[in-house]
Amino acid sequence: DTGVSQNPRHKITKRGQNVTFRCDPISEHNRLYWYRQTLGQGPEFLTYFQNEAQLEKSRLLSDRFSAERPKGSFSTLEIQRTEQGDSAMYLCASSPGGGPQHFGDGTRLSIL
Amino acid sequence: AQSVTQLDSQVPVFEEAPVELRCNYSSSVSVYLFWYVQYPNQGLQLLLKYLSGSTLVKGINGFEAEFNKSQTSFHLRKPSVHISDTAEYFCAVTPGSGNQFYFGTGTSLTVIP
C-alpha cells in the first residue's frame with residue numbers, strides 16, 4: 001500500500017509530557033500538510049511543507065508545537081508540555097503540488 | 001479569506017432514497033472545491049473534486065456535485081443511498097495555489113434501513 005501512513009494510531013499521555021507523531025507521505029508527493037481535528041469539527045490547518053521547506057503555519061500552531069520534514073520525505077510533529085486542550089486527532093495529508101490531498105488515518109492523542 | 005459553510009450538521013435519510021448535502025463557500029478568488037468522506041477512526045477519503053470545466057462533477061460511490069458560481073455552492077448529491085454511505089462528509093475549498101485547504105464543519109449522514 002502506498003498511501004499516507006501515520007504512527008502511532010493512538011497516543012495516551014499525561015499532561016505536561018512531550019509527544020511526537022510521524023507521517024510518511026505518498027512518495028512522489030512534494031507537499032505535506034498537518035491538520036488537527038476535534039470531535040464534531042472539520043480538520044483545521046496547522047502547517048504545510050513543500051519538500052523540506054515549511055512554507056506556512058497557522059496561528060493555531062503555538063510555540064509548543066514544532067514540525068519538521070528534514071529530507072523532504074517523512075515529517076514529524078512534536079508537541080511539548082502537552083495540555084488537556086491538545087487532545088484531538090492529528091491528520092497528515094500529502095499532495096502532488098496543489099492537487100487533491102490524500103489523508104492518513106490520523107493519530108488520536110488523549111491527554112490524561 | 002476563504003470559508004466553507006455546511007448548513008446541515010446531521011442528515012438522516014432512508015435507504016434507497018436520494019440525498020443532498022449542502023455546501024456554500026466564500027472566496028474573493030477562484031477556488032478549487034472538494035468533497036471528502038470520513039468513516040469512524042479513519043482519515044478523509046476524496047469523493048470528488050472541481051478544478052475547472054464542467055460544473056457537474058461525478059465522483060466515487062455514485063456521488064456527484066454541481067458547482068454553482070453565482071450561488072457559491074457545491075452541493076453533493078446521490079440518487080439512492082446505501083447503508084454503507086453512513087459517514088461524515090466534509091466540503092473543502094482551496095484557492096488556486098492550493099496552499100491551504102479550508103474545511104467545513106461536516107455533515108453526518110445516517111442511512112436508515
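Labels below follow one simple rule: chain letters A, B, ... track the order of the sequence lines, proteins then strands, and each chain is numbered from 1. In this text the structure is predicted, and so the values were computed from the model without any measurement.
Grouping the Ile, Leu, Val, Met, Phe, Trp and Tyr side chains by contacts below 4.5 angstrom, directly or via other members, places B:L56 apart from B:W35. In the hydrophobic clustering of ILVMFWY residues, with side-chain heavy atoms under 4.5 Å counting as a link, A:L61 and A:L32 come out together. Side-chain heavy atoms closer than 4.5 Å link hydrophobic residues (I, L, V, M, F, W, Y) into clusters, and following such links, even through other members, never connects A:I12 to A:I79. B:V13 and B:Y89 fall within the same hydrophobic cluster, defined by Ile, Leu, Val, Met, Phe, Trp and Tyr side-chain heavy atoms under 4.5 Å apart, directly or through other members. Residues B:V19 and B:I60 share a single hydrophobic cluster, defined by chaining ILVMFWY side chains whose heavy atoms lie under 4.5 Å apart.
Using a 4.5 Å cut-off on side-chain heavy atoms (C-beta onward), B:F90 and A:Q41 make no contact.
Atom CE of A:M89 is separated from atom CD of B:Q38 by 6.5 Å, given to the nearest 0.5 angstrom. In this structure, the separation between CZ on B:F101 and CZ on A:F45 is 11.0 Å, given to the nearest 0.5 Å.
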Show which side-chain atoms of residues 61-68 of chain B pair as donor or acceptor with protein atoms under 3.5 Å away, not counting sequence neighbours.
| from | atom 1 | to | atom 2 | distance (Å) |
| --- | --- | --- | --- | --- |
| B:E64 | OE1 | B:K58 | NZ | 2.8 |
| B:N68 | OD1 | B:S70 | N | 3.2 |
| B:N68 | OD1 | B:S70 | OG | 2.8 |
| B:N68 | OD1 | B:Q71 | N | 3.0 |

Sequence neighbours left out, cut at 3.5 Å: what donor-acceptor pairs do the side chains of residues 102-112 of chain A make with other protein atoms?
| from | atom 1 | to | atom 2 | distance (Å) |
| --- | --- | --- | --- | --- |
| A:D105 | OD1 | B:G43 | N | 3.3 |
| A:T107 | OG1 | A:P8 | O | 2.5 |

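Residues of residues 63-72 of chain A lying under 4.5 angstrom from chain B, judged on non-hydrogen atoms, do not exist here.
For A:E44, no part lies near chain B; criterion is any non-hydrogen pair under 4.5 Å. Proximity to chain A is limited to the side chain of B:L46, based on heavy atoms less than 4.5 angstrom apart. Interface residue A:E56: only side-chain heavy atoms are found under 4.5 Å from chain B.
Shown here is B:L7, whose CG atom has more than 12 heavy atoms of other residues, nucleotides or ligands within 6.0 Å.
Between chain B and the options A:P43, A:G40, A:A93, the largest number of non-hydrogen pairs under 4.5 Å is found for A:P43.
B:Y36 contributes a side-chain N or O that, together with a main-chain N or O of A:Q101, makes up a donor-acceptor pair within less than 3.5 Å.
A:Y35 and B:F103 have their aromatic ring centers within a separation under 6.0 angstrom.
Summarising the hydrophobic clusters (Ile, Leu, Val, Met, Phe, Trp, Tyr; side-chain heavy atoms under 4.5 Å, direct or chained), the residues clustered with B:I112 are B:F14.
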